[in-house]
Number of protein chains: 2
Amino acid sequence: MNEQQPSLAVSTVIFALRPDPVTGAATVWIPVVRRIREPYLGKWALPGGPLTMNESLASAASRTLEETTGLAPQFLEQLYAFGSVDRSPELRVVSIVYWALVQSVTADAVRDDENVTWLSTDDLPELAFDHNLIVDYALWRLRTKMEYSRIAQAFLGEDFTLAQLREVHEAVLQKPLDPANFRRMIEATKSIVATDRHVTGTRHRPARLYRYDTSLELADSGPLATHV
Amino acid sequence: MNEQQPSLAVSTVIFALRPDPVTGAATVWIPVVRRIREPYLGKWALPGGPLTMNESLASAASRTLEETTGLAPQFLEQLYAFGSVDRSPELRVVSIVYWALVQSVTADAVRDDENVTWLSTDDLPELAFDHNLIVDYALWRLRTKMEYSRIAQAFLGEDFTLAQLREVHEAVLQKPLDPANFRRMIEATKSIVATDRHVTGTRHRPARLYRYDTSLELADSGPLATHV
DNA sequence: ACAAAAGTGTTTTGTTTACACCCATGA
DNA sequence: TCATGGGTGTAAACAAAACACTTTTGT
């Protein structure tokens, strides 16, 4: 009864912060997987796969993310559905793309091998399909969303110092931030709670450790807030 | 070779401003179509239809929008992809939903009949599928986006007064705005240009007519700006 | 004591809000 | 000339940015 339909895939842009190999400064990286068939055989591509009948879109994103990188995201949100007719040669594929943030510690657990690697978003090669456009758009969303939400915390562990949180913002926004004003800005959002512990072993005044207030959402997604 | 896949549909939430039948104040309305088959037979639903092989997502949204209402939108943007496994009984359907703004004048051209009607978003009945959630989310996007972009102009014709533009904002945000501050706020965005003409026939000082600067986009969609 | 980053205080600048007041028209 | 909304001016309140300065640690 149905005409032939485009096939449906789910992909995910996964962001983590890692040190720049040259400068050592924190920068934004993504994991990619190698194409093991045509088209774009051998090229790097975003992790993803076809959508199966019994899983929701977000579940599919989580699953393919876990399968290819072993990671579980701190933050996962739908990015956009890409459906140009010519985005894949031969086949017609509509990709529903999610974007995710993972902690740098867990990101380090992902072993680079022949078929999976991390790439710096500062210096991306040509990816398969329209994945360069997708990553550009995901980066744009990451940067705009960082300015009005609390997603930066998804890059960090349970406890963190304000300097670490500021480093996240600086890495994503690619500009230095005044420590004093940053502190007040974050305190004004009331999104973090101070612990009574401090980091030790630095050769200067020890910084207080904070943790995020888990009773608050990382981002306001309106009526979709409690959805899967 | 492929497993069975969810089917793909495109739907659109179309907003227009129309006078409230009681108060006469401008309010937000959407057109809906009647379900002519199960499931949800007889219920109102968002205009939409299956995605065909040779059209992009936005084209499909425009097409179904035109087919069901005869309208052409001033503004069209992707809203979200809805894909819960249980959002349609029996069938598994993933809906990529767009939202659109149309001018009130063109909206009036749509004849209500047995199978198409306009509903006030202030007082929606129970719609088919998860369409109430979809409309809620579209309304949320409309309201948040109106505060930081120039989409309000898509509700109006070529020429308009600042009072008309303010009326759009007030209808969407559902709160009164100071005319003096509103004027300065709009002028600061530089998104409109003054004409040398004024409205006549009012029993007070005639208001200047403005038009929007067509060299600017209505909204910043980042790297997706020039896409179809 | 000194270097270095944590953390506080203060001044300046800019933006938003509230509201008083003048202007131009129809009746 | 009066009522009505169009349009301008201005001061208060608030928020953001810039930067001097004090605190607390390791060496």
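Letters A, B, ... mirror the listed sequences (proteins, then strands); counts begin at 1.
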Inset, instruction - Provide, to the nearest angstrom, the distance between the CD1 atom belonging to Ile186(B) and the P atom belonging to dG6(D). - result: 14 Å
Inset, instruction - Give a yes or no on this: more than 12 heavy atoms of other residues, nucleotides or ligands lie within 6.0 Å of atom CD of Glu167(B). - result: no
Inset, instruction - Round to a whole Å and report the spacing from NE2 of His198(B) to C1' of dG26(C). - result: 16 Å
Inset, instruction - Would you check if Met185(A) and Arg166(A) make a side-chain contact, meaning some heavy-atom pair closer than 4.5 Å? - result: no
Inset, instruction - For the side chain of Ala163(A), starting at C-beta, report the closest nucleotide among dG7(D), dT4(D), dA6(C). - result: dA6(C)
Inset, instruction - Determine yes or no for a side-chain-to-main-chain donor-acceptor pair under 3.5 angstrom, with Thr202(A) supplying the side chain and His204(A) the backbone. - result: yes
Legend entry - Base dG7(C) paired with Arg184(A) side chain (donor-acceptor, <3.5 Å): no
Legend entry - First encountered from the 5' end of DNA chain C, between Asp178(A) and Arg203(A): Arg203(A)
Legend entry - Candidates dG9(C), dA24(C), dT25(D) - which lies nearest the side chain of Pro206(A): dT25(D)
Inset, instruction - Could you state the atom-to-atom distance from CD of Glu167(B) to P of dG5(D) in whole Å? - result: 12 Å
Inset, instruction - Would you indicate what Ala188(A) reaches in the nucleic acid, counting non-hydrogen atoms under 4.0 angstrom: base, sugar-phosphate, or nothing? - result: nothing
Inset, instruction - Identify which nucleotide among dA6(C), dA17(D), dA24(C) has an atom closest to any side-chain atom of His204(B), counting heavy atoms from C-beta outward. - result: dA24(C)
Inset, instruction - With heavy atoms under 4.0 Å as the rule, sort Thr202(B) into base, sugar-phosphate or nothing. - result: sugar-phosphate
Inset, instruction - Ignoring backbone atoms, test whether Arg166(B) places a side-chain nitrogen or oxygen under 4.0 Å from the OP1 or OP2 oxygen of dG6(D). - result: yes
Inset, instruction - Measure the distance from CD on Glu147(B) to P on dT16(C) and round it to the nearest whole Å. - result: 12 Å
Inset, instruction - Find the distance Glu187(B):CD to dT15(C):P and express it as a whole number of Å. - result: 15 Å
Legend entry - Whole-Å distance separating the CZ atom of Arg183(A) from the P atom of dA18(D): 19 Å
Legend entry - Salt-bridge contact Arg143(B)-Glu147(B) (side-chain N to carboxylate O under 4.0 Å): no
Legend entry - Value in whole Å for how far the P atom of dA17(D) lies from NE2 of His169(A): 13 Å
Inset, instruction - Choose from dG7(C), dG7(D), dC19(D) the nucleotide whose nearest atom is closest to any side-chain atom of Ala207(B). - result: dG7(D)
Legend entry - Of Asn181(A) and Gly201(A), the one whose closest DNA chain D nucleotide lies more 5': Asn181(A)
Inset, instruction - Taking atom types as modelled, find out whether Glu77(A) and Ser221(A) have a side-chain donor-acceptor pair closer than 3.5 angstrom. - result: no
Legend entry - Residue Arg205(A), side-chain atoms from C-beta onward, closest of dG6(D), dG7(C), dT8(C): dG7(C)
Legend entry - d(CZ, Arg197(A); C1', dT25(D)) in whole Å: 18 Å
